[in-house]
Trainee: 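Next up is a structure, given as structure tokens.
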There are 2 protein chains.
Amino acid sequence: MTMPPTFKAPSDAIDVGPLAQRIGYMLRRAHKAVLDHGNVAFGRINLRPPQYGILLFLARSPGRNQAAVGAALGIQRSNFVGLIKGLDKRKLVRRSRGPKDKRPRVLHLTNRGEALLREAKKIDAKLDRRFDKKLGRGGREKLLELLTKLAEPDKGSRH
Amino acid sequence: MTMPPTFKAPSDAIDVGPLAQRIGYMLRRAHKAVLDHGNVAFGRINLRPPQYGILLFLARSPGRNQAAVGAALGIQRSNFVGLIKGLDKRKLVRRSRGPKDKRPRVLHLTNRGEALLREAKKIDAKLDRRFDKKLGRGGREKLLELLTKLAEPDKGSRH
DNA sequence: TATTGTTATACTCTATAACTATA
DNA sequence: TATAGTTATAGAGTATAACAATA
């Protein structure tokens, strides 16, 4: 197994050696690549990817409060405030207070929000086509399956 | 396809609906989960994951300068300074200046650096075993293959 | 002029503590 | 007292500009 040192000098691919086998490193690189694309694409309709996530979630599960939506998306409620305020100011979401419990702000998409979401979904589909081209047949489904397993909380973590 | 609203209330799994099918979202969740584990594990030997990456890279490719190592790891040279200084202060790496070109600082692992890297590799292997358990047989290899494809720069991006 | 390392700075994402108003 | 939203703040990670020394 004595291998000669590899110097993949020429093209734009860099030989990072054993790093290419590290899950954390490759997740970082892949996430950044995908995020960069998302920022550019959604930026055209003035949305950041997390805000698109909020719209998408509210279309399916309207009527939740901020804490619930934030928890589902993995965003702490304090950090959620800025995101949702941005959407509120643009009249993409409605934050109503119920007459019974006046603490929670119940979230709904407005008509404008639904319209923008339709645009955003087109952008998203375009992004997916680009990624599908890279990942190959069945690649996206397999990737999502594996990422879901990684993201699941540890069972019986005796660490 | 009229599906009833899904309320996966009980366990710790949250129903995020269509978000679970978004590559960017799942990459973010998976990356964070893996990073959290890495921070805890490598924190025990006072390393942050990017610093482990530097040691790993230098063991395989010694004698490069900061800009080269940073570029290979996807870290800008300005942001690389703090990371490498931390390793230098702990005598894990040597930053020498050649007599010919006095600008670049040529990087090598010290004996201490090699010793710590051996410890770090054990921690890394332990992390991998944990991830392998989640990912199942062949999961890690497949995941790395897909992430590599995603991280590759776009060819002929006509955007 | 270009390159290497460096500093300073800013912006995003994330994390924690503390406040308010409600319950 | 507990909860929901909010504010402030701090820490990573990342990005850009500018500078000094060197080539």
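Heavy-atom basis, side chains included; hydrogens, waters and symmetry copies ignored.
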Trainee: Check for a donor-acceptor pair, side chain of A:Arg140 on one end and backbone N or O of A:Phe131 on the other, with a separation under 3.5 Å.
Mentor: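 Not a single qualifying donor-acceptor pair exists.
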Trainee: Taking only the side-chain heavy atoms of A:Pro104 (C-beta and beyond), determine which of C:dT3, C:dA15, D:dA4 contains the nearest atom.
Mentor: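 Of the candidates, D:dA4 comes closest.
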Trainee: Need to verify one output field. Residue with the more 5' nearest nucleotide on DNA chain D, A:Arg105 or A:Lys32?
Mentor: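 Comparing both residues, the 5'-ward one is A:Arg105.
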Trainee: Of the listed nucleotides (C:dT4, D:dT6, D:dT14), which one gets closest to any side-chain atom of B:Asn65?
Mentor: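 Taking heavy atoms from C-beta onward, the closest nucleotide is C:dT4.
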Trainee: Closest-nucleotide mapping onto DNA chain D: is B:Pro99 or A:Ala67 further toward the 5' terminus? I mean the 5' end.
Mentor: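 By nearest-heavy-atom nucleotide position, the 5'-most residue is A:Ala67.
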Trainee: Using a cut-off of 6.0 Å, state whether more than 12 heavy atoms not belonging to A:Asp36 lie near its atom CG.
Mentor: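 Yes, enclosed.
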Trainee: How close or far is atom P of D:dA4 from atom CZ of A:Arg103, stated in whole angstroms?
Mentor: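 Those two atoms, CZ and P, are 6 Å apart.
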Trainee: Identify the residue among B:Leu56, B:Ile54, B:Leu55 that makes a side-chain contact (heavy atoms from CB on, under 4.5 Å) with B:Leu109.
Mentor: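 Of B:Leu56, B:Ile54, B:Leu55, side-chain contact (heavy atoms from CB on, under 4.5 Å) with B:Leu109 is met by B:Leu55 alone.
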Trainee: Can you find a pair of side-chain heavy atoms, one from B:Leu92 and one from B:Leu117, that are under 4.5 Å apart?
Mentor: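 The answer is no; the side chains never approach within 4.5 Å.
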Trainee: Which whole-number value in Å describes the distance from A:Asp101 CG to D:dA2 C1'?
Mentor: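 For the pair A:Asp101 CG and D:dA2 C1', the rounded distance is 12 Å.
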Trainee: Rounded to whole Å, how long is the line connecting atom CZ of B:Phe42 with atom C1' of D:dA12?
Mentor: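 Whole-Å distance recorded here is 17 Å.
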Trainee: Find the distance B:Leu107:CG to C:dT4:P and express it as a whole number of Å.
Mentor: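 Whole-Å distance recorded here is 13 Å.
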Trainee: How long is the line joining CD of A:Gln66 and C1' of C:dT20, in whole Å?
Mentor: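 My rounded result for the distance is 15 Å.
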Trainee: May I have the distance from A:Arg28 (atom CZ) to C:dC13 (atom C1'), rounded to whole angstrom?
Mentor: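 Atom CZ in A:Arg28 sits about 15 Å away from atom C1' in C:dC13.
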Trainee: Which residues in residues 75-96 of chain A have a heavy atom closer than 4.0 Å to any atom of DNA chain C?
Mentor: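 Under 4.0 Å from DNA chain C: A:Gln76, A:Ser78, A:Asn79.
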Trainee: Show the nearest heavy-atom pair for residues B:Ser96 and B:His108, with the distance to one decimal.
Mentor: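 Reported closest heavy-atom pair: OG-CD2, 4.4 Å.
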Trainee: For A:Leu35 and C:dC13, give me the distance from atom CG to atom P, rounded to whole Å.
Mentor: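 Rounded to the whole Å, the gap is 7 Å.
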Trainee: Indicate yes or no: does B:Lys142 engage B:Glu145 in a salt bridge with an N to O separation below 4.0 Å.
Mentor: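 Salt bridge flag = yes for B:Glu145 with B:Lys142.
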Trainee: Does A:Gln66 have any side-chain hydrogen bond (donor to acceptor under 3.5 Å, both in side chains) partners at least two apart in sequence or in another chain, and if so, which?
Mentor: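 A:Gln66 satisfies side-chain hydrogen bond (donor to acceptor under 3.5 Å, both in side chains) with A:Arg95 only.
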Trainee: NE2 of A:His31 versus C1' of C:dT14: gap in Å, rounded?
Mentor: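 Going from NE2 in A:His31 over to C1' in C:dT14 covers 13 Å.
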Trainee: With the side chain of B:Lys102 defined as its heavy atoms from C-beta on, choose the nearest nucleotide among C:dT12, C:dA23, D:dA23.
Mentor: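 Of the candidates, D:dA23 comes closest.
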